[in-house]
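Each remark here refers to the structure printed beneath this line.
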Amino acid sequence: MLSYLHGYHAGNFADVHKHCTLMLLLKKLHAKNTPITYIDTHAGAGLYALDDEKAEKTRESQLGVDALLASKTGVTHSAITEYLHLLASVRVSKQHTLGEHAYPGSPAIAQALLREQDFGILMELHNNEVGKLKQHFKRDTRLSIHHRDGFEGLAALTPPSTARGLALIDPSYELTSDYHQLISSLQTATARWRTGVFAVWYPILAGEKNHADFIKRKLAQLDVASVLNSELHIYTKEKNDGMIGSGMAIINAPWQLDTELESLLPELETLLAQSSKVKNKVEWLKEKA
């Protein structure tokens, strides 16, 4: 259960999809001056080096953030441009500790975007990873770090002190039970925090272990106002037998997020797709009445 380390996958195409969406969500929530709470259930180490042993072993960033940086067609969408600007800023600020290939995980992205009046709750269960997380973010008084299971923590720590906010849930899904724990945790948390936005990342796999349809069906059955979903595929099933796509489901999606994702996904497909017949989509699993 504790074998997963995000350092092996940092900066891959799923991270790009997840992090661009995260930035869009935080920008939407900052349209009002009232404080928000950001909750990260599976925070990992929060910051990574894309030239360390783990990242070099898989080289997954080559089909993700590295592909954006090396794009010959150029990046035009504002969400991707802002993502790359944030990456550049992190690399400047962390070059003395992580080197010139520093990479921000979701906690570092949120930290960069949270305002003075906002709060953050970062959770991680892995002993080594939570130690790194505490080291990276110990000086930021806006953030509280919890060494605990993210599924349990999401249910236990909602509602937060602020009415508005965002919870990012992106477990490893190494165990089939993760899918069921996800839904159980969300059932409790969404009932307690009716005004919260919940962003759920999930993998799209080529083989029999693909549970994407299960997640989408269960999310649509939750007692929530709406569920917006986006999927980015970079492979077809015939071209890859592993993870072929990335999903981001947004419970209580902010106004016009669907429109922004509909313009974002085609550009990400152009920049990252490894197959010519991939399918990417934005759809409402449950539309607000």
Side-chain angles (χ1 to χ4, degrees), residues 4 6 8-25 42 58-81 83-84 103 105-106 168-174 176 178-179 182 199-220 227-251 253 257-287:
Y4 178 86
H6 191 64
Y8 288 105
H9 313 288
N12 68 6
F13 76 91
D15 260 7
V16 171
H17 178 207
K18 175 174 62 182
H19 293 159
C20 285
T21 305
L22 172 61
M23 292 179 69
L24 285 175
L25 284 166
H42 297 77
T58 60
R59 298 188 176 182
E60 289 189 15
S61 65
Q62 290 183 351
L63 300 184
V65 67
D66 293 344
L68 297 186
L69 293 169
S71 172
K72 293 181 173 60
T73 59
V75 172
T76 61
H77 197 283
S78 60
I80 306 175
T81 301
Y83 171 60
L84 293 178
Y103 177 77
S106 51
L168 175 66
I169 306 102
D170 62 334
S172 66
Y173 298 106
E174 286 195 307
T176 302
D178 285 352
Y179 295 91
L182 166 72
V200 180
W201 177 83
Y202 61 89
I204 302 171
L205 307 176
E208 295 179 356
K209 292 184 179 181
N210 185 34
H211 293 83
D213 288 341
F214 168 83
I215 285 183
K216 289 188 285 186
R217 182 174 71 254
K218 289 296 185 179
L219 291 178
V227 183
L228 177 66
N229 191 54
S230 71
E231 291 187 350
L232 171 70
H233 292 69
I234 71 164
Y235 292 107
T236 60
K237 292 181 180 180
E238 295 76 19
K239 295 291 185 179
N240 189 293
D241 60 0
M243 187 168 70
I244 60 174
S246 165
M248 281 293 288
I250 314 299
I251 297 169
L257 180 66
D258 56 339
T259 302
E260 297 194 31
L261 289 173
E262 285 168 354
S263 67
L264 171 63
L265 267 289
E267 182 160 332
L268 286 180
E269 175 187 332
T270 298
L271 294 167
L272 302 178
Q274 302 298 303
S275 304
S276 59
K277 297 181 180 180
V278 292
K279 56 177 182 177
N280 301 295
K281 60 184 176 181
V282 178
E283 62 180 344
W284 289 97
L285 302 180
K286 185 173 187 178
E287 195 161 4

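Every value quoted in this text rests on a predicted model; they were computed, and no experiment measured them.
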Contact summary for A199 and M248, nearest pair of heavy atoms:
CB-CE, 4.0 Å

Hey, are the side chains of D15 and Y103 touching, using non-hydrogen atoms and a 4.5 Å cut-off?
yes

Is there side-chain contact between I80 and L271, with heavy atoms separated by less than 4.5 Å?
yes

Side-chain heavy-atom pair I204, M243 within 4.5 angstrom cut-off
no

Main-chain N/O of L272 paired to Q274 side chain as donor or acceptor, under 3.5 Å
yes

Drop me the distance from L25's CG to L168's CG, to the nearest 0.5 angstrom.
9.0 Å

V65 side chain reached by Y83 side chain, heavy atoms, under 4.5 Å:
yes

So, taking the atom named CD in E262 and the one named CG in D258, what distance separates them when rounded to the nearest 0.5 Å?
5.5 Å

Apply side-chain contact (heavy atoms from CB on, under 4.5 Å) to I250 and V227, showing your working.
CA-CA 5 Å; I250 314 299; V227 183; over 6 Å; no

For the rings on Y179 and Y173, is their centre-to-centre separation under 6.0 Å?
yes

Begin from the C-alpha positions of V200 and D170 and carry the test side-chain contact (heavy atoms from CB on, under 4.5 Å) through to its verdict.
CA-CA 6 Å; V200 180; D170 62 334; over 6 Å; no

Grab the two heavy atoms, one from S106 and one from H19, that are nearest each other, plus how far apart they are.
N-NE2, 3.5 Å

State whether the side chain of S71 and the backbone N or O of G74 hold a donor-acceptor pair below 3.5 Å, judged by distance alone.
yes

Is K216 salt-bridged to E231, going by a charged N under 4.0 Å from an acidic O?
yes

Distance alone, cut at 3.5 Å: any donor-acceptor contact between the side chains of T76 and E267?
yes

Identify the heavy atoms of A253 and L228 that sit nearest to each other, and give their distance.
CB-CB, 3.9 Å

So, the side chain of S230 versus the backbone of V282: is there a donor-acceptor pair under 3.5 Å, distance only?
no

Mind checking the CG-CD spacing from N12 to Q62? Nearest 0.5 Å is all I need.
12.0 Å

Short side-chain to backbone donor-acceptor contact, H77 and A79, under 3.5 Å
yes

Within this structure, what is the CG-CG distance for the pair L268 and L68, rounded to the nearest 0.5 Å?
7.0 Å

Apply side-chain contact (heavy atoms from CB on, under 4.5 Å) to the pair L205 and I244, showing each step before the final yes or no.
CA-CA 6 Å; L205 307 176; I244 60 174; over 6 Å; no

Is there a side chain to side chain donor-acceptor pair (under 3.5 Å) between D178 and Y202? Walk through the geometry before answering.
CA-CA 11 Å; D178 285 352; Y202 61 89; over 6 Å; no

When rounded to the nearest 0.5 angstrom, what distance separates CG in L182 from NE2 in H42?
8.5 Å

Parallel, tilted or perpendicular, as decided by the 30° and 60° cut-offs, for the rings of H9 and H6
tilted

Are the side chain of H233 and the backbone N or O of K279 linked by a donor-acceptor pair below 3.5 Å?
yes

Has K237 got more than 12 heavy atoms of other residues, nucleotides or ligands less than 6.0 Å from its NZ?
no

Can you tell me how far the CH2 atom of W284 sits from the CG atom of N229, to the nearest 0.5 Å?
11.0 Å

Tell me the closest heavy-atom pair linking G64 and V16, and the distance in Å.
C-CG2, 3.7 Å

What heavy-atom pair brings V278 and A273 nearest, and what distance separates the two atoms?
CG2-CB, 3.9 Å

Which atoms form the tightest heavy-atom contact between S275 and Y235, and what is the distance?
OG-CA, 3.5 Å

